[in-house]
Amino acid sequence: QTTISGTVMSKTDGLPIPYATIQASNGENTISDDDGNFSISATTETTLTISSIGFKTQSILIGNKKNITILLEDDTTNLDEVVVTALGLERESKELGYAVQTISSDKLTEVKTVNFLDNLAGKFAGVTISQGATGVGSSSKITIRGEASFSNNNPLFVVDGIPINNNTVFNNTSEAAAGFQEIDFGNGAMEVNADDIENVSVLKGPSAAALYGTRAANGVIVITTKDGSKSKGLGISINTSVFIDTAFRLPDFQNSYGQGNSGQFEYVDGLGGGTNDNITYSWGPRLDAGIFIPQFDSPVFLPDGSVVRGGDTSLYSGNAITPTLFKSNPDNLKDFYETGVTTINNISIGDNFDKGNYRLSFTDLRSESIIPGVNLDRQTVSAKLKFEPTTKTTVTSSISYVNSSSDNRPSNGYGSENVNYSLVAWGPRNLDINNLKAYWQPGLEDRQQYSFNYTFFDNPYFILYENRNSFNRDRVFGNVALKQQFGEHFSATIRTGMDYSSETRKLRRAFSSNRFKNGGYAEHDVVYREVNTDFLLNYNQTFGDFSFDISAGGNRFDQFASTKQTQTVNLAQPGIFNLNNAASPLEVFQYEANKRINSLYGLAKFGYKDYLFLDITGRNDWSSALATPFSVDGTSFFYPSVSTSFVVSNAFNLPEVISFAKLRASVAQVGNDTNPYQTTGAFVSQTPVNGQPTLSDQSFISNANLKPESTTSFETGFDFRFFKDRIRLDYTYYNATTKDQIISLPIPVSSGYNQQVVNGGEVNSEGVEIILGLTPIKTNNFSWNTTFNFATNKSTIKSLPQNDGRLTLAYSRIYDSANQTVWFQVEEGGEIGDIYGTGYQKDANGNFLITDAGRYIADNTLRKIGNYNPDFTLGFSNNFNYKNWNLGFLFDWRQGGEIVSRTRALGNVGGQLAETEFRPEGIIPQGVNVNTGLPNTVAVTAESYYRQFYDRNHEENNVYDASYLKLRQLSIGYDLDLKPGFLGLKEGASANFSIIGNNLFVITENPHFDPEQLAVQGNGFVSGVEDMSYATTRSIGFKASFNF
Amino acid sequence: CTKDFEDINTNPNAPINAQPSLLLRQVIYDFGEQMSYEGFAAGDLLSQYRTALDFNLFGRHDLKSPQLGGNPWPIFYKNLRDNQIIINQSQNTLAFKVYEGPALILKAYLAAGLTDLFGDVPYSEAFNGVNGTVTPKYDLQEDIYLNPNGILDNLNKGIEAINNYSGVQTLEGDLLFNGDLNGWVKFANSLKIKALMRISDKMDVSAELQAIFDEGNYISSNAENAVFDFTNSAPNSFRMARLRIGDFNNYVLSETMEEILTNYNDTRIGFFFRPFGNSTNGEFNGLLNGVDATSTSITLADYSLSGTAFREDTSVLDANFSTAWETSFFLAEAAQKGLITANAQNLYETGVAQAFEYWQTDLPANYLTGTAAFNAAGTTPLEQIITQKWIGNVINGYEGWTEFRRTGFPVLKTLQASLNNDLIPVRMPYPAEEAALNAANYDQAAAATNNNSINVPVWWAE
């Protein structure tokens, strides 16, 4: 060992580069000083790797040099160069034989979103994000390279090398029009704190992800958090942002006709006592025609001289309601939504010293939704530490503690707990929303709500302020790792990490709620714990032009999940929400699950010179979910991968216009196990009778011989850069086949069961990803960077376990009505995402068949009515820098795909939407007479026509094209020059201010809602259905950050 | 690497085996609860006790578009499955022997309800997917009634199992008779009378009926009924008590029911229904079944809603499996038709009195001498018997409609806006799920019913 000294300089201008990182292959490392100088102890065989922000990383073998000068090249795309791959291994991207896309924090969190996943939208080729339907705090769903599995398409999330959960756990619900509706309390990965992120890599295919094992079959999101290594002495960073949210897209209503049926309406009690006052169709009299009609908010003059409202039905009897003007309220929904405010404040301190570095960070997020009474608070404390007690020993740790809470999470889906049910589908157009704000009948607070209808609907303010679904969640995730270097070539790492969360939800239902006439209350406790412990041994050696790097390791994964909902659907004392106040027996729904996966794996990397690289990996998993209570046979599964990279531009002298050229190819396999308890039958608790328990056989037939699913993928691509990297083109083609899918195969209930767990079916997914980066202009003062992320994917069904018929993967249903169901089914030759529903009979030419009475004829055979997956997606981002100014914007284009809209179906059946504004004496349904084949000439009433055409029993007429072009983000920023010494500031101090916008406009076919939608059914999300969704938001914000 | 995997993948939430008592309680409660709701929301529309104002494609006889109720198929099969597990346990484990008789009787009861509605159905290969096929074939209704392991055979075997039982274990989880095995024998004999009468147009059942009648060991008083009580609050209240007021208010008195009850001056109308909101003197008003809500403006306050027993006070309501009055009326019919030697009028009048008692209404002194008299003018004893039974069968699944299909009584009305060409359907259609998931077998059954038509009668009504 001798001490080597050196200097790091810029190749372009020859100026010294301070604070460059120098890592030696013997485990030593240091950073350069203000003048670019460093010294380090090394041998002749030691290789130094020198990196610095804004420059290309360079490696150099010491040999017999004592003093070296390193010239680093400028790098516009330096952040692509070193990427974090499986098991947290940092690799140079040129070595990789598969596609990995990395984005640094500044690109990712220019515009901060409350749900971390939303930050990823449009920025990665082949990554699709869909947002939940209940505003701030909703879950978002992520898929990478489309869906290829029938059962599980969730990618794995890894933070600093340790997996974290991205679960969404719903409350216990009832499909019937009674009990609690689905409530979305958010997905696990939404809690990743944007302010703590250094960069995000997406490992898209099995090749990249194979080493992560069974849970990585659908790709991996690898998140690396910030550390203190970039601090030059004690550094403090403060970030603050404020976003103002408004409702983005609201339904397009008609405003010519008010509440009623057949043109008639009179309010008496909202229960059918008046003419058509039991249901709030807007098929009533004309609005704004000078007509006076008794309404729910019309006055009632009592004999004692007092005045109550028509809807205060508990306060008067037999007195007449004084008619008031029947007028439209075009902005009633707009007036309902409020202005939301989200503030995110972050302070962090970091320091870098000779034996390591640290960073501590605190983030406070407070968000008030545009939905009244809905909010989300989140505090995050995180710490990242690195300590090197000796030059051979490194201890690192990264820990985050997150507390999230909300006073109310609004209900999803179709039914009276969702305010859109009473405001959009069934909100009469004469409804003045402001008159609903005093939602109790006077003197009957906590006991009797005041509303425009008591038959089916609850007052929306009553729902949001009284029937609240609150939660409080504590979560800790993090890891501790120890790395020990033994000599020049050998190192060992041991690491353990955990993700633990504990959450209490309280679901309150006040007296007089439609679904809980005597109130209700539920407590739902959700606990999740995952512990991963792994070790990794590494040996590397270089022989002349050849390099070898061999790693072997193992992992134990232990998962525990439990959920327990205790509820009463009758309360004794109004206004008291407590299980002690139950007036009927408590019902308990309890579930817990355990799972363990043990794994051993190995990775061998071979390099020849600096242009040819080969990786071989192998992994064996043993999963408890494949065991039965009596046997562990068949729980082991092995899968390999091979990938290679050839850097043409390093091997040959290419024309100067080509600055970089690389070809890559890989083949990989990955296994995918299943959820616990699929291998044995069991009996399930049902409704107790007079407090006595009951049991029923489970609804599915288990399978004791389950095999893991396996995906085999072939991937090839190239990375070309031209004109000194001004043009950067990265192309990937992949073709993956998933076999032996673990399927809950629907079987006829005449067998006694609904499903049977089987292995079978084969899906082929094929796609292309193109990332094109351009730097059209680059001068000292001005630069323009632009990136296109283009992706297509098509997942085709090659075979199904049963050779006839179709397999149902999911459905979205109104209440428990099988007839009002959108089915997501696949058949051989079909594609994942196919949507099936029913419609009306048509002739061979596609004309509707019409009866002599002018009616359509229902046809209850399921037919394909669309596919929710897009033909392609294109993200288009731009960045302009002029001196201290920068301007960025991101367009997101999604082409193709369909979405079934419940708002369209119900809003038109209810006569609320603009489509129903045209109401002549009679409408002649277009089509041909079923008997004569001649064009129909029989007219029906407008009401009859619309109610039939949009009927919710038949989805075919309620489908929209889901394509959209969206201006997702726009930001304008200014960097303030801070002179060192000014106010005592040291070098590197900076300040930045920006104004940002999110979801600024969209072009899409449907006039009623944001087409980026997820619906909720039972315990899962479904794409392709808009199910009475809340408005999404448009945000305008201001952000300031200071580093000193 | 697989240490502890057996334990880890053993489900801590649910047992691998179930006590037969817990299954029995489940089968009786689940079927009774679900079919009572089915009865109210769908069966009562077909029977024309009540009518739906809106969301009523089913009520307008588009039976393939059920919306609120109207899909009883899975209720039968799920409970036949759990009941079959009880039978298997009782035949394999000596300690569970006491469950064999009751479970065989329940199997016969469930199978009869199923085939009476749909005709030929999966039966001999069905509800046993764990050990057998998941795509069961359809059996002929005739075979389901008459073959070994069919309805009549299982009733006999059930009685025999109970009579032969000499163990000390008691029957638990029995919501119908609280463990009294004699109650089950009476239940079985009442079911036999019903089953024999159901097929009496297809074969001579008089000897068997006479034997049961002579033995007299059937349900003959309301105290012996096969029923269980609903409670007033969740979770064991009648489902209409738990649904939204709008779901309850969607149903009003049918004009058919109103006319029949009014003609009899039948005071039970005040139990079944309540005076309409706009009434001045507590009158009742019914609406012709099957309105088209898109072309009709209806004021709910002009029509009678269902009585408080169906919402506010459901503790006075039963889930009905079999009753004394139903048995009395079947015997009255048998006597009237000469299938048994007995006094038809006595049996009829006993049935009427029992039915009034069941519906907690005092029998008016002149009731049986007025229009409801056995031999009242302008009607026939048979029509009187069936009509009185029809009245009693409110919310009893689809029973009123089923007996109409067999006897033609009472005369039901043509709908206001029928979606079945003004025909009253005579069978329930197989659900679409069967066509999709049990295609090969379904195709045969559909072919036998003119493509799953609701206008093709079942075997016993042919």
Side-chain angles (χ1 to χ4, degrees), chain A residues 177-178 261-262 264 272-273 275-276 278 455-456 514-515 569-570 584 587 591-592 594 596 598 622 624-625 627 629-630 632 635 676-677 679-680 682-684 686-687 689-690 692-697 701 746-753 756 804-805 817-819 858 860 941 943-944 947 953, chain B residues 1-2 5-6 8-16 18 22-23 25-26 29-30 54 57 62 64-67 71 74 77-78 81-82 85 122 126-130 134-136 175 233-236 242-247 249 277 294-297 299-301 432-434 436-439:
Chain A
N261 214 356
S262 308
Q264 297 175 44
T275 308
N276 299 318
N278 55 324
T455 306
F456 293 104
N514 247 300
R515 286 172 169 236
V569 293
N570 278 297
S584 60
E587 296 169 88
Y591 185 79
E592 65 177 60
N594 286 287
R596 172 176 293 170
N598 293 317
W622 290 264
S624 70
F630 318 104
V632 296
T635 53
Y677 318 134
T679 57
T680 349
F683 290 87
V684 184
Q686 304 292 317
T687 309
V689 183
N690 305 323
Q692 300 279 312
T694 56
L695 284 178
S696 178
D697 201 0
I701 300 177
I747 54 177
V749 72
S750 47
S751 70
Y753 300 85
Q756 183 178 26
D804 56 342
S817 176
N819 213 47
N860 283 324
T941 64
E943 177 178 342
S944 183
R947 285 188 59 180
N953 282 282
Chain B
C1 287
T2 55
F5 273 16
E6 293 98 333
I8 293 169
N9 210 34
T10 296
N11 191 333
N13 312 291
I16 292 175
L22 305 188
L23 291 168
R25 185 180 290 124
Q26 163 67 14
Y29 181 74
D30 187 69
D54 204 343
L57 293 176
D62 176 5
K64 290 177 182 174
S65 298
Q67 204 159 341
N71 184 23
Y77 280 103
K78 179 171 172 258
R81 172 200 68 191
D82 283 340
I85 294 169
F127 45 87
N128 194 23
V130 168
V134 297
T135 50
L175 297 175
S233 64
N236 301 137
R242 307 200 295 275
L243 294 182
R244 301 167 302 171
I245 184 71
D247 294 313
N249 286 356
T294 68
S295 57
T296 317
S297 175
T299 299
L300 181 64
E433 177 202 276
E434 275 289 308
L437 301 176
N438 195 12

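The figures here come from the full heavy-atom set of this structure, side chains too, leaving out hydrogens, waters and symmetry mates. Labels below follow one simple rule: chain letters A, B, ... track the order of the sequence lines, proteins then strands, and each chain is numbered from 1. Not measured: the values here are computed from a predicted model.
- Comparing B:Ala126, B:Pro66, B:Ala234, B:Gly277 by how many heavy-atom pairs each has under 4.5 Å with chain A, the most go to B:Ala234.
- With a 4.5 Å cut-off on non-hydrogen atoms, B:Asp30 does not touch chain A at all.
- For A:Glu587, the part lying under 4.5 angstrom from a heavy atom of chain B is the side chain only.
- Of all the listed residues (A:Thr941, A:Val569, A:Asn953, A:Thr679), the one sharing the greatest number of non-hydrogen pairs under 4.5 Å with chain B is A:Asn953.
- A:Gln686 places no side-chain N or O within 3.5 Å of a backbone atom of B:Gln26 that could act as its donor or acceptor partner.
- Both the backbone and the side chain of B:Pro235 come within less than 4.5 Å of a heavy atom of chain A.
- For chain A, the nearby part of B:Glu434 is the side chain; its heavy atoms alone come within less than 4.5 Å.
- Here OH of B:Tyr29 is found 9.0 Å from OG1 of A:Thr694. Values are rounded to the nearest 0.5 Å.
- Contacts with chain B were tallied for A:Val684, A:Asn570, A:Asn278; A:Asn570 has the most, counting heavy-atom pairs under 4.5 Å.
- Interface remark: A:Thr635 contributes side-chain atoms only to the contact with chain B (heavy atom separation under 4.5 Å).
- Ranked by heavy-atom pairs under 4.5 Å with chain A, the first of B:Thr2, B:Thr296, B:Leu22 is B:Leu22.
- A:Glu592 touches chain B through backbone and side chain together, each having a heavy atom under 4.5 Å away.
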Would you sort out whether A:Asn514 and B:Ile245 count as a side-chain contact (heavy atoms from CB on, under 4.5 Å), showing the intermediate values?
CA-CA 7 Å; A:Asn514 247 300; B:Ile245 184 71; 3.9 Å; yes

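- Closest approach of B:Phe5 to A:Trp622, counting heavy atoms only: CZ-O, 3.3 Å.
- Of the residues considered (A:Asp697, A:Asn594, A:Ile701, A:Asn261), A:Asp697 shows the highest number of contacts with chain B, using heavy-atom pairs under 4.5 Å.
- Chosen from B:Leu300, B:Asn236, B:Thr294, the residue pairing most often with chain A at heavy-atom distances under 4.5 Å is B:Thr294.
- Between chain A and the options B:Val134, B:Asn249, B:Thr135, B:Asn438, heavy-atom pairs under 4.5 Å are most frequent for B:Val134.
- Chain A forms the most heavy-atom pairs under 4.5 Å with one residue out of B:Asn71, B:Thr10, B:Asp62, and that residue is B:Thr10.
- In this structure, the side chain of B:Asn9 engages the main chain of A:Tyr677 through a donor-acceptor pair within 3.5 Å.
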Check the pair B:Arg244 / A:Thr455 against side-chain contact (heavy atoms from CB on, under 4.5 Å), numbers first and verdict last.
CA-CA 7 Å; B:Arg244 301 167 302 171; A:Thr455 306; over 6 Å; no

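- Atom OG of A:Ser751 sits about 11.0 Å away from atom CZ of B:Phe127, to the nearest 0.5 Å.
- Proximity to chain A (any heavy atom under 4.5 Å) is shown, for B:Ile16, by both the backbone and the side chain.
- Both the backbone and the side chain of B:Asn11 come within contact range of chain A, each with at least one heavy atom under 4.5 Å from a heavy atom of that chain.
- Between the B:Arg25 side chain and the A:Val689 main chain, no donor and acceptor come within less than 3.5 Å of each other.
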Would you sort out whether B:Leu437 and A:Ile747 count as a side-chain contact (heavy atoms from CB on, under 4.5 Å), showing the intermediate values?
CA-CA 6 Å; B:Leu437 301 176; A:Ile747 54 177; 5.7 Å; no

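- Looking only at heavy-atom pairs under 4.5 Å with chain B, the residue among A:Ser696, A:Ala625, A:Pro746, A:Ala858 that has the most is A:Ser696.
- Between the CG atom in B:Asp54 and the CZ atom in A:Arg947 there is a gap of 4.5 Å [rounded to 0.5 Å].
- Under the 3.5 Å distance criterion, the side-chain polar atoms of A:Asn598 are matched with a main-chain donor or acceptor of B:Cys1.
- Here A:Ser624 is the residue among A:Gly272, A:Gly752, A:Ser624, A:Gly273 with the most heavy-atom pairs under 4.5 Å with chain B.
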Does A:Phe683 form a side-chain contact (heavy atoms from CB on, under 4.5 Å) with B:Ile85? I'd like the steps, not just the answer.
CA-CA 11 Å; A:Phe683 290 87; B:Ile85 294 169; 3.9 Å; yes

